[in-house]
Number of protein chains: 2
Amino acid sequence: MISIVLVDDHPVFLQGLEALLSKVPHFEVVKTFSDSTGFFRYLAEGDLPEVVLLDIEMGSITGIEIASNVLQLYPGVKVIMLSTYFSDEYISVLVESGISGYLLKSTDFKELKDSIEKVAKGRFCCSPEIMEVVIEGFKKSSDAESSEGGPGKEPGQLTDREIELVRLIADELTMKEIANKLYLSEHTVKTHRKNLMAKLGVKNTAGLIKKAFLLGLIE
Amino acid sequence: MISIVLVDDHPVFLQGLEALLSKVPHFEVVKTFSDSTGFFRYLAEGDLPEVVLLDIEMGSITGIEIASNVLQLYPGVKVIMLSTYFSDEYISVLVESGISGYLLKSTDFKELKDSIEKVAKGRFCCSPEIMEVVIEGFKKSSDAESSEGGPGKEPGQLTDREIELVRLIADELTMKEIANKLYLSEHTVKTHRKNLMAKLGVKNTAGLIKKAFLLGLIE
DNA sequence: TTCAGGCTACCACTTTTGTGGTATTTTACT
DNA sequence: AGTAAAATACCACAAAAGTGGTAGCCTGAA
């Protein structure tokens, strides 16, 4: 059984896809989302699907960002981007981030189905048109079999301590207050925050809280 | 025609109520929400209903907080709390905040209907049991006809400038950067932020961003 | 025309955040 | 037993945020 989550801001496409995928015997569409916030909150709860089908245009936060964040926070989850078009630079970024597939929406259903199966087995998969771009990109650096990996840690790339921290920060505690609360040195707390900001790619508290919200870490 | 928005985290109650209210000729249930985030985002877009029916137990953010925030940000909107129980202190706070009604869920539909009509006309309305508490509370201070009011300003209690500011802060700009961007003195920007924090009742940037999110000011 | 609210601006001072290091210990996996 | 990651801790300095004031200007409503 392959567990699948769909994320797409077009409810029609979402429903259609769900109906189609649900008919495939060993596929299970466990959840669908039309906004990234709900999606991230879901992941943060620890319900990690095997495969995520992700549409690329999602309003305030782009598909690229969503994909990057999912890949960073939940490396065990396979992400397949669905898009109407493709852009060289984006694909490069995504492939480096460890995305599992990039398909055009024009892809027919059989191809999508096959792709999901391949991806679930740990392979990379994309539309032929896109493969060219990807191969082109490989003429620069060749590293990285991403792949396999046991389930990893549930809460993702961020450690438990870090998540604890970000929540306390969101509750308006200062480093000093958090240090007291957790019986830690203020230095330690500052170090955690520093790592947190680096991992989430933000510059200050405002960015930290915003991102934490977007990623469903706080509510 | 009275435009109504329902907010309640119990979908069953929500749907039932919607069905009932929709049958009343001059009532229009324009929207329903089962979480506060979506509700605040909706208000922030400027679609202000005349009356909001608000259930009191809503998880992370309490009904009291939601009500207070709505009343503060959108004074023109009439808020009726629906609750299973009632607490002296809460009611006092809410009445002072300018709530338009406080009904128990045990209220029958006719009473609810009448209450909505009264409230839409600018009156205050609550269950008899609660009225006692309210009157009791009046033995302290007697001010405030809240009420009437033209539509006020759309974005609520926060001024345009302040909303602009909070969004730039959420984008990780420092006061200096914002000042440059808007051709203002850094002092001015700091003053705005100061007012902003006071209005939203928060202590620091973390709280500011969190609240702004909760209120749908940023996304 | 007074008055309130919003926008602007300033000051001085404290506290907290943010940067950019290093380093030890514990824990968990191999 | 070895090692990678997490958690802990330290330092010094720069940059911002946060506190608690005051105050002038403009506009629209009473």
Side-chain angles (χ1 to χ4, degrees), chain A residues 72-73 75-76 148-212, chain B residues 72-73 75-76 145-166 168-212:
Chain A
Q72 193 204 352
L73 287 166
E148 299 315 317
K153 272 196 91 187
E154 277 308 87
Q157 179 81 346
L158 300 184
T159 66
D160 293 342
R161 216 24 159 194
E162 284 164 349
I163 291 175
E164 194 178 7
L165 257 269
V166 79
R167 291 189 171 140
L168 292 171
I169 294 170
D171 284 339
E172 307 188 312
L173 302 195
T174 65
M175 299 308 104
K176 200 177 290 178
E177 290 165 337
I178 294 174
N180 287 336
K181 188 172 191 111
L182 303 181
Y183 308 108
L184 291 175
S185 143
E186 202 183 327
H187 299 297
T188 306
V189 179
K190 288 184 78 173
T191 303
H192 282 310
R193 185 192 48 183
K194 204 193 304 178
N195 296 334
L196 211 32
M197 291 200 298
K199 279 186 183 176
L200 296 179
V202 299
K203 295 196 297 195
N204 54 33
T205 306
L208 184 65
I209 300 302
K210 187 178 169 189
K211 193 95 181 204
Chain B
Q72 191 202 355
L73 288 166
E145 267 80 310
S146 38
S147 72
E148 297 315 321
K153 275 196 91 186
E154 277 307 90
Q157 178 83 343
L158 301 185
T159 67
D160 293 342
R161 217 24 160 190
E162 284 164 349
I163 291 175
E164 194 177 9
L165 257 270
V166 78
L168 292 171
I169 293 171
D171 284 339
E172 309 190 308
L173 302 196
T174 65
M175 299 309 104
K176 200 177 290 178
E177 290 166 336
I178 294 174
N180 287 336
K181 186 170 192 116
L182 303 181
Y183 308 108
L184 292 174
S185 142
E186 201 183 325
H187 299 295
T188 306
V189 179
K190 287 184 80 171
T191 303
H192 281 310
R193 186 192 45 182
K194 204 192 305 177
N195 297 335
L196 210 32
M197 291 199 297
K199 279 186 183 176
L200 295 179
V202 299
K203 295 196 299 195
N204 54 31
T205 306
L208 183 64
I209 299 301
K210 187 179 168 187
K211 193 98 180 199

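The analysis underlying the following values was restricted to heavy atoms, covering all of them including side chains, and did not include hydrogens, waters or symmetry mates. Residue numbers start from 1 in every chain, and the chains themselves are labelled A, B, ... in the order their sequence lines are given, proteins ahead of strands.
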First locate atom [atom1] of [X], then atom [atom2] of [Y], and finally report the distance between them rounded to the nearest 0.5 Å.
X: B:Glu164; Y: B:His192; atom1: CD; atom2: NE2; answer: 8.5 Å
X: B:Glu186; Y: B:Ile178; atom1: CD; atom2: CD1; answer: 10.0 Å
X: A:Ile163; Y: A:Leu73; atom1: CD1; atom2: CG; answer: 8.0 Å
X: B:Thr159; Y: B:Asn195; atom1: OG1; atom2: CG; answer: 8.5 Å

Atom pair distance, as rounded to whole Å: [atom1] in [X] and [atom2] in [N]:
X: A:Asn204; N: C:dT19; atom1: CG; atom2: C1'; answer: 13 Å
X: A:Asp160; N: D:dT8; atom1: CG; atom2: P; answer: 11 Å
X: A:Glu186; N: D:dC10; atom1: CD; atom2: C1'; answer: 12 Å
X: B:Met175; N: C:dC10; atom1: CE; atom2: C1'; answer: 17 Å
X: A:Arg193; N: C:dT19; atom1: CZ; atom2: P; answer: 9 Å
X: B:Leu196; N: D:dA17; atom1: CG; atom2: C1'; answer: 14 Å
X: B:Glu164; N: C:dC7; atom1: CD; atom2: C1'; answer: 12 Å
X: A:Asn195; N: C:dT19; atom1: CG; atom2: P; answer: 12 Å

Nearest to the side chain of [X], which nucleotide is it out of [options]?
X: B:Thr174; options: C:dT17, C:dG6, D:dA17; answer: D:dA17
X: B:Met197; options: D:dT8, D:dT19, C:dT8; answer: D:dT19
X: A:Lys194; options: C:dT17, D:dA6, C:dG21; answer: C:dG21

Which residue lies toward the 5' end of DNA chain C, B:Lys190 or B:Leu182, if each is placed at its nearest nucleotide?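 The 5'-side residue here is B:Leu182.
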With a cut-off of less than 4.0 Å, is there a side-chain N or O of [X] near OP1 or OP2 of [N]?
X: B:His192; N: C:dC7; answer: no
X: A:Thr188; N: D:dT8; answer: no
X: B:Ser185; N: C:dC10; answer: yes
X: B:Lys176; N: D:dA15; answer: no
X: A:Thr205; N: C:dG18; answer: yes

Does B:Thr191 contact C:dC7 through a side-chain donor or acceptor facing the base, at a distance under 3.5 Å?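 Not at all, since no donor on one side and acceptor on the other fall under 3.5 Å apart.
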Any sub-3.5 Å donor-acceptor pair from B:Asn204's side-chain atoms to B:Ala206's backbone N or O?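 Yes; at least one donor-acceptor contact below 3.5 Å.
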5'-most by nearest nucleotide on DNA chain D - A:Lys199 or A:His187: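 Closer to the 5' end of DNA chain D: A:Lys199.
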